[in-house]
Amino acid sequence: MPRPLNDTFLRACLRQPTAYTPLWLMRQAGRYLPEYNAARARAGSFMGLATSPDFATEVTLQPLERYALDAAILFSDILTVPDAMGLGLSFAAGEGPRFARPLRDEAAVAALRVPDLDRLNYVFEAVRSIRKALGGRVPLIGFAGSPWTLACYMVEGAGSDDYRIVKSMLYARPDLMHRILDINAKAVAAYLNAQIDAGAQAVMLFDSWGGVLADGAFQRFSLEYTRRVVAALEREHDGERVPSIVFTKGGAPWLEQIAACGADVVGLDWSVDLGAARRRVDDRVALQGNLDPAVLFAPPEVVAAEARAVLDSFGRAQRDDGGCGGHVFNLGHGINQHTPPEHVTALVEAVHAHSRALRAAD
Ligand code: CP3
């Protein structure tokens with residue numbers, strides 16, 4: 001399969017020079033778009049969208065029809081993997097995800113297995129279908145949840161405010177927690193490699209709940225298993241490098257350690273200054289982020305100014321020593337469902353225009 005016509009995103013991930021800073025948005029296909037809500041109504045539910053390759057293709061492409069984004073992301077969810085393990089996923093309207101059979105005791109943990117990847121064929125079919133529909137316009141990002149973030153949902157059975165149940169298991173029965181994480185790491189690595197085989201051109205691990213862990217626990221229960229997944233990933237497919245991205249929400253205290261996990265790109269939330277983060281990792285990895293998604297509630301001129309501030313903070317990609325840094329512009333977390341779609345237009349235009357101007361001034 002040929003390289004995408006617009007390979008700016010892949011080049012930035014690999015710290016190669018680009019004409020401008022590429023951008024995409026976490027949750028770019030979602031409820032802030034009226035056309036997404038219409039497709040979801042036709043499909044009947046979120047899982048109706050995600051399990052149909054046709055619907056998944058349609059909604060993956062929706063944000064690209066509106067905005068000049070530099071990457072597409074597979075429309076799916078991180079919780080497809082525990083669902084395939086038999087935990088019984090459902091999304092009640094307006095309530096978020098729920099598992100019918102959470103892992104609450106030793107017997108449930110002992111029975112847990114790496115799932116047969118055939119149960120996730122609908123995801124790989126969607127990847128193939130999206131690649132075909134994209135026709136090389138932009139690269140396609142595949143993704144999965146980190147072993148720890150998946151374990152949070154698998155043990156809690158739903159989202160949580162305090163992570164009481166999963167943290168109780170972590171401290172009281174670390175042996176059980178390590179067994180879950182070991183199985184999750186094997187499942188996630190196999191799942192991402194199957195996405196790569198189906199045509200995903202970059203892969204991202206979402207460690208959305210890594211930041212709730214204590215220092216020490218983060219390294220043992222989250223980062224160690226992220227590292228194992230990254231080490232097991234296919235680095236190349238069809239002769240092209242497949243960059244990997246690791247995003248730990250709340251991970252700024254451990255940035256140097258995360259940057260050493262083997263991934264090409266580290267995602268950042270909005271709690272850190274991007275330029276300071278860049279100095280901490282000294283361009284050993286590319287950085288992705290990190291505009292506060294709430295900025296998008298402000299008027300378009302404020303959105304543009306805040307986007308320029310993020311780009312200015314990163315600074316020139318070109319280094320004085322001849323090397324190159326890499327920046328993929330993104331939000332610091334998923335786009336909020338109440339975001340006015342026209343504000344995203346202002347964001348995309350500002351990122352492209354200002355980053356081009358910065359390079360021209362070099
Ligand atoms: O980024 C994209 O456009 C690709 C699609 C994508 C979804 N979920 C679709 C989705 C991605 C990359 C995810 C990842 C995901 N899912 C994460 C990690 C990223 C993050 O936000 O931290 C997590 C923690 C989940 C679990 C999940 N899925 C939750 C907590 C919820 C409900 C809360 C919410 O935001 O609605 C979902 C549902 C979900 N996944 C929706 C979408 C578009 C909304 C469902 C709907 O249409 O009702």
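These numbers come from the heavy atoms of this one structure, side chains and all, not from hydrogens, waters or symmetry mates. First listed ligand is number 1; within each ligand, the first listed atom is number 1. The first residue of the sequence shown is numbered 1, and numbering continues consecutively from there.
A cation-pi contact links Arg278 to Phe314, judged by a cut-off of 6.0 Å to the six-membered ring centre and 45° from its axis.
Among the atoms of Ala29, some N or O lies under 3.5 angstrom from an N or O of ligand 1. Annotation: Thr149 places no N or O atom under 3.5 Å from an N or O atom of ligand 1; distance criterion only. Not one N or O of Trp24 is nearer than 3.5 Å to an N or O of ligand 1, by distance alone. Note: an N/O pair closer than 3.5 Å links Arg27 and ligand 1 by distance alone.
Ligand-side atoms of ligand 1 in range of His333: 20 (C), 21 (O), 22 (O), range being under 4.0 angstrom from any heavy atom. Annotation for ligand 1: atoms under 4.0 Å from non-hydrogen atoms of Leu74 are 4 (C), 5 (C). Listed by number with element, the atoms of ligand 1 under 4.0 angstrom from any heavy atom of Arg40 are 46 (C), 47 (O), 48 (O). Atoms of ligand 1 lying under 4.0 Å from at least one heavy atom of Ser76, given by number and element, are 5 (C), 6 (C), 7 (C), 8 (N), 9 (C). Those atoms of ligand 1 that come under 4.0 Å of a heavy atom in Phe206, given as number and element, are 12 (C), 18 (C), 19 (C). Within ligand 1, counting atoms from 1 as listed, the ones closer than 4.0 Å to a heavy atom of Gln28 are 1 (O), 2 (C), 3 (O).
Ring pair Tyr225/Trp148: centre-to-centre distance not below 6.0 Å.
Here Ala50 has no heavy atoms under 4.0 Å from ligand 1, in either its backbone or its side chain.
A side-chain donor-acceptor contact under 3.5 Å links Gln219 to the backbone of Gly216. Counting only distance, with no hydrogens or angles, the side chain of Arg11 and the backbone of Pro17 share a donor-acceptor pair below 3.5 Å.
Among protein heavy atoms, the minimum distance from atom 23 (C) of ligand 1 is reached at Ile78 CD1, 3.4 Å. What sits closest to atom 43 (C) of ligand 1 on the protein, heavy atoms only, is Tyr36 OH, 3.6 Å. For atom 11 (C) of ligand 1, the closest heavy atom belonging to the protein is Phe143 CZ, 3.5 Å. Nearest non-hydrogen protein atom to atom 45 (C) of ligand 1 is Phe46 CD1, 3.5 Å. Looking only at protein heavy atoms, the nearest one to atom 28 (N) of ligand 1 is Asp77 OD1, 2.7 Å. Among protein heavy atoms, the minimum distance from atom 18 (C) of ligand 1 is reached at Ser208 OG, 3.2 Å. Taking atom 38 (C) of ligand 1 as the reference point, the nearest protein heavy-atom neighbour is Phe91 CE2, 3.3 Å.
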Stepwise side-chain hydrogen bond (donor to acceptor under 3.5 Å, both in side chains) test for Asp70 and Asn6
CA-CA 7 Å; Asp70 297 289; Asn6 172 0; 2.9 Å; yes

Apply side-chain hydrogen bond (donor to acceptor under 3.5 Å, both in side chains) to residues Asp312 and His354 and explain how you reach the verdict.
CA-CA 9 Å; Asp312 289 342; His354 189 62; 2.8 Å; yes

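Between Asp283 and Arg319 a salt bridge is recorded (basic side-chain N to carboxylate O distance below 4.0 Å). Asp175 has no carboxylate O lying under 4.0 Å from a charged side-chain N of Arg179, or vice versa, which leaves the two without a salt bridge. The residues Glu156 and Arg164 are annotated as not salt-bridged, no charged nitrogen and carboxylate oxygen being separated by less than 4.0 angstrom.
Of the N and O atoms on the side chains of Thr57 and Ser129, at least one donor lies less than 3.5 Å from an acceptor on the other residue.
Contact annotation: Gly159 has no heavy atom less than 4.0 Å from any atom of ligand 1. Residue contacts with ligand 1 include Tyr153, since one of its heavy atoms falls under 4.0 Å from the ligand. At least one heavy atom of Pro97 sits less than 4.0 Å from an atom of ligand 1.
Closest heavy-atom approach to atom 34 (C) of ligand 1 among the candidates Arg98, Gln337, Arg31: Arg31.
For the atom pair CG (Leu181) and CG (Leu176), the distance works out to 11.0 Å, reported to the nearest 0.5 Å.
In the hydrophobic clustering of this structure, Leu291 does not group with Tyr20; members are Ile, Leu, Val, Met, Phe, Trp, Tyr whose side-chain heavy atoms approach within less than 4.5 Å, directly or through other members.
In this structure, the side chains of Phe46 and Asp77 come closer than 4.5 Å at one or more pairs of heavy atoms.
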